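Residue numbering restarts at 1 for every chain, and letters A, B, ... go by the order of the sequence lines. Just so it is clear, the model here is predicted, and its values are computed rather than measured.
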Amino acid sequence: MPVVTLPDGSQRRFDHPVTVDEVAGGIGAGLRKAALAARVNGKLVDTSYLIAEDASLAIVTDRDSDGLEVIRHSTAHLLAQAVKELFPEAQVTIGPVIEDGFYYDFAYQRPFTPEDLAAIEAKMTELAQADEKVTRRVMARDEAVQFFRGLGEIYKAEIIASIPDKEEISLYGQGNWVDLCRGPHVPSTGKLKAFKLTKVAGAYWRGDSRNEMLQRIYGTAWPDKKQLDQYLHRLEEAERRDHRRIGKDLDLFHVQEEAPGAVFWHPRGWTVFQSLIGYMRERQNAAGYQEVSAPELMDVSLWQQSGHLEKFGESMFLTHTPDKRVYAIKPMNCPGHVQIFKHGLRSYRELPVRLAEFGKVHRYEPSGALHGLMRVRAFTQDDGHVFITEDQITSESVAITKLILDIYRDFGFEDVRIKYADRPPNRVGSDDIWDRAEAALKAASSAAGIEYTLNKGEGAFYGPKLEFVLRDAIGRDWQCGTLQVDLNLPGRLGAYYIDEHSTRRTPVMLHRAIFGSLERFFAILLEHHAGKLPAWLSPVQAVVLSITDRQDEYVRRVTETLKNQGFRVESDLRNEKVGFKIREHTLRRVPYLLVAGDKEVAANLLSVRTRSGKDLGTMVPETFAERLRVELGSRGRQVLEG
RNA sequence: GCCGGGAUAGCUCAGCUGGUAGAGCAGCGCAUUCGUAAUGCGCGGGUCGGAGGUUCGAGUCCUCUUCCCGGCACCA
């Protein structure tokens with residue numbers, strides 16, 4: 001006699017066990033049709049689930065995030081079914097839901113081609129239109145293993161063998177195809193109406209590069225065609241924002257074959273880069289940091305001592321020199337900073353000692369990892385190392401966290417998530433030291449009043465860390481800042497200070513970066529702003545344009561005056577129509593276009609237009625300068641047009 | 001590093017089954033002096049990523065290689 005409680009609190013009484021589908025039908029035919037799955041007592045189940053006892057029930061439709069997930073999961077199954085029909089020898093493995101879609105990994109004798117993809121998608125559409133019923137059954141573990149072995153699906157058999165004993169083994173079938181799956185799934189394939197296969201790729205079995213490579217097919221699925229189209233449109237938008245595209249269009253930088261993973265910065269790009277450095281330098285100095293510079297090349301023995309060579313030797317650049325010594329090009333700045341700290345006797349009274357460097361580091365990243373400015377082999381860190389006593393960990397960590405968050409706000413990133421990463425399997429230092437470091441960093445987090453999610457086992461090899469993740473304008477997350485507590489390296493490298501009892505003590509070192517990699521942060525900014533950098537970062541902040549050559553002298557004079565005040569201003573005296581000039585500079589994302597025709601010259605005015613096409617009217621050059629100064633000083637919070 | 005795809009003019013791209021390279025934009029020249037996203041006409045420009053090979057003949061076919069792209073793995 002189950003009593004079913006619905007989300008609105010109402011109850012329905014049955015004198016026999018009922019399926020979700022029946023309950024939905026009892027509420028309304030429309031709901032029954034829309035039902036994809038359900039939550040019974042909070043657990044996600046199929047619509048065929050039999051409710052035998054009192055339970056709470058929420059029907060899941062495509063309006064719920066649960067529903068979307070079910071759709072995607074079922075579409076992954078549809079994909080596997082289609083592949084098995086077209087390529088019977090392919091073996092199925094796993095097919096999970098991911099952000100915006102799903103994938104399915106197959107073991108097959110050859111990679112799938114784009115043509116295969118089209119054929120598979122067509123077959124999927126056909127199978128969906130056939131509206132085949134999806135059925136579920138439970139099988140004993142050994143029986144299931146035998147079953148899949150019998151089908152020649154050795155991967156599935158292996159997966160089942162690894163499922164914990166207490167879990168039920170469920171199989172889902174549609175048409176003449178059966179797959180192992182936890183479920184739930186849509187009641188029939190006809191519920192899958194808007195999907196698209198997006199790409200093929202290789203992927204290692206169980207994510208381990210020592211294993212064989214499988215053929216992965218990615219796809220996306222949505223409740224309806226409209227949402228699918230919106231998603232595809234979003235992908236196009238992301239492509240338009242690609243920093244590699246923008247970098248080319250705006251003539252900011254380039255890369256070439258002779259220097260894989262390294263950047264040739266062009267004048268405009270370097271101007272922006274220098275603005276970032278200038279800004280950070282100002283903020284760091286104000287926060288009590290001292291800027292330093294350590295050698296690019298140091299004897300490899302130093303890296304042996306620090307432990308980096310052992311852990312990361314494969315990705316270090318080493319040199320061959322006539323003196324037969326082996327020097328490493330620095331892959332990071334910390335050992336250099338420790339040398340600076342060590343030079344001379346340090347008293348506890350001096351701590352915290354905060355050293356910062358815009359250090360260019362080189363890492364031999366795997367070739368397949370390189371990606372535009374996001375992942376390079378030569379990059380610049382805004383690296384800082386703070387030497388402190390153990391008592392100072394909390395207060396200093398709080399100060400750093402606040403600085404990081406405040407700086408992100410200056411760049412328009414308000415939505416910042418923080419992750420706490422604890423000890424990795426591969427590490428140096430005793431468990432006792434790790435216990436203390438982890439406890440101190442956690443204490444600092446709560447003192448700073450921040451919330452974090454745990455990134456288990458993702459810490460640095462010498463200490464736990466906080467990772468700061470930005471969310472950009474189109475919702476993508478980027479890990480940039482980091483704060484790491486290190487009770488290992490200073491000791492390994494022989495750093496010490498003299499405490500109040502005249503005894504030598506090993507300092508704690510905090511590693512911190514705010515931009516992380518300047519190259520990468522630059523790319524994130526370009527994509528976040530779609531190339532329209534705020535004026536304070538724009539390589540060219542304004543262009544003064546003439547309409548005919550009668551204004552040449554005036555334009556020259558105004559440009560000079562603005563440049564002398566420190567603004568990045570250019571003039572455009574070319575014999576071109578003003579519309580052409582406007583178009584060109586707009587495409588170059590110059591924030592302000594200052595037009596001077598005969599009327600403006602006569603009255604000592606400038607006609608001001610923004611890159612978004614807004615006409616700000618005319619004003620005297622001094623007014624423009626004053627308002628631009630305010631905008632730059634407020635880092636774009638007070639814009640000229642406001 | 002692994003799987004797949006790609007590389008043709010400064011940029012974006014075309015070039016069927018092998019028969020000595022083409023467009024648009026950009027550049028340069030000339031004309032035009034023009035009011036807020038493209039003025040007109042003309043001209044120049046490529047050892048087709050690199051090295052080998054097959055062929056009478058290779059941008060096109062084969063092998064190797066470099067780099068780039070999409071994933072995977074990696075990311076101090």
Side-chain angles (χ1 to χ4, degrees), chain A residues 103 105 110-114 116-117 198-218 242 244-245 248-249 251 254-261 303 306-316 330-335 361 363-372 374-377 381 383 424 426-428 458-463 465 479 482 484 486 489 511 513 516-517 520 545-552 574-588 593-600 607-615:
Chain A
Y103 66 77
D105 286 349
R110 64 166 178 84
F112 294 115
T113 64
D116 293 336
L117 218 61
T198 49
K199 55 198 168 198
V200 280
Y204 299 107
W205 165 238
R206 302 213 142 165
D208 190 328
S209 59
R210 287 167 303 193
N211 290 341
E212 63 272 30
M213 188 154 267
L214 306 172
Q215 304 305 321
R216 176 170 296 179
I217 298 178
Y218 284 92
D242 191 310
R244 292 166 298 188
R245 169 86 263 141
K248 209 177 266 187
D249 289 347
D251 191 21
H254 84 269
V255 291
Q256 66 186 47
E257 242 179 85
E258 291 79 358
W303 303 99
S306 71
H308 289 103
L309 192 73
E310 195 196 327
K311 294 279 184 302
F312 300 102
E314 292 290 290
S315 43
M316 285 171 66
K330 67 174 175 180
M332 53 181 3
N333 304 297
C334 2
V361 295
R363 299 177 182 178
Y364 187 75
E365 302 284 3
S367 57
L370 303 180
H371 177 96
M374 296 290 190
R375 190 82 181 273
V376 285
R377 285 186 176 154
Q381 295 179 313
D383 209 354
N426 194 7
R427 59 177 183 261
V428 296
E458 295 289 315
F461 76 87
Y462 45 70
K465 60 184 178 184
Q479 197 228 302
T482 183
Q484 308 168 2
D486 183 354
L489 272 186
H511 305 241
S517 149
R520 186 160 173 277
L545 9 149
S546 58
I547 291 174
T548 75
D549 55 13
R550 288 191 299 278
Q551 297 92 39
D552 283 7
R574 289 175 305 168
N575 175 16
E576 295 288 352
K577 293 191 168 184
V578 70
F580 178 83
K581 295 185 184 180
I582 296 271
R583 174 182 159 81
E584 228 177 43
H585 297 119
T586 302
L587 290 174
R588 290 219 146 184
L593 305 181
L594 315 175
V595 180
D598 286 338
K599 284 183 279 183
E600 286 78 14
S607 170
V608 183
R609 178 195 159 108
T610 71
R611 63 185 156 197
S612 52
K614 197 168 171 192
D615 180 3

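- Distance CD (Glu365(A)) to P (rA76(B)): 9 Å, rounded to an integer number of Å.
- Side-chain N/O atoms of Tyr204(A) and base N/O atoms of rG71(B) include no donor-acceptor pair closer than 3.5 Å.
- As judged by a 4.0 angstrom heavy-atom cut-off over every strand, Pro366(A) is placed among the base-contacting residues.
- In the set rU33(B), rA76(B), rG71(B), rU33(B) carries the atom at the smallest distance from any side-chain atom of Arg550(A).
- If you check rG35(B), rA38(B), rU39(B) against the side chain of Ser607(A), the one that comes closest is rG35(B).
- Residue Arg210(A) is classed as having no contact, given no heavy-atom separation below 4.0 Å to the nucleic acid.
- For Met213(A), taking side-chain heavy atoms from C-beta onward, the closest of the listed nucleotides rA76(B), rC34(B), rG71(B) is rG71(B).
- Using a cutoff of 4.0 Å between basic side-chain nitrogens and carboxylate oxygens, Lys330(A) and Asp383(A) are not scored as salt-bridged.
- Of the candidate nucleotides rG1(B), rU33(B), rA76(B), rU33(B) has the atom lying nearest to any side-chain atom of Thr548(A).
- Nucleic acid contact class of Gly613(A) (heavy atoms, under 4.0 Å, all strands): none.
- The existence of a salt bridge linking Arg206(A) and Asp208(A) is excluded, since no basic side-chain nitrogen approaches an acidic carboxylate oxygen closer than 4.0 Å.
- Interface remark: the Glu314(A) side chain does not form any donor-acceptor pair with the rG1(B) base, using a distance-only criterion of under 3.5 Å.
- For Tyr218(A), the listed nucleotide lying nearest its side chain is rG71(B); candidates were rC34(B), rG71(B), rG35(B).
- Ring stacking is absent between Phe580(A) and rA38(B), as the pair misses the limits of under 5.5 Å between centres and under 30 degrees between planes.
- Mapped onto RNA chain B by nearest heavy atom, Gly579(A) and Met316(A) fall at different nucleotides, with Gly579(A) at the one closer to the 5' end.
- Distances were taken from every side-chain heavy atom of Val578(A) (C-beta onward) to each of rC75(B), rG70(B), rG35(B); the shortest belongs to rG35(B).
- Tyr103(A) comes within contact range of no nucleotide atom at all, as no heavy-atom separation falls under 4.0 Å.
- Of the candidate nucleotides rG71(B), rC67(B), rU36(B), rC67(B) has the atom lying nearest to any side-chain atom of Pro260(A).
- Using a 4.0 Å heavy-atom cutoff across all strands shown, Leu587(A) reaches at least one base atom of the nucleic acid.
- Within 3.5 Å, no donor on the side chain of Thr586(A) pairs with an acceptor on the base of rU36(B), nor the reverse.
- Closest to the side chain of Lys199(A), from the set rG1(B), rA76(B), rG71(B), is rG71(B).
- Taking only side-chain atoms of Ser315(A), from C-beta outward, the nucleotide of rU12(B), rC34(B), rA76(B) with the closest atom is rA76(B).
- Nucleic acid contact class of Arg244(A) (heavy atoms, under 4.0 Å, all strands): sugar-phosphate only.
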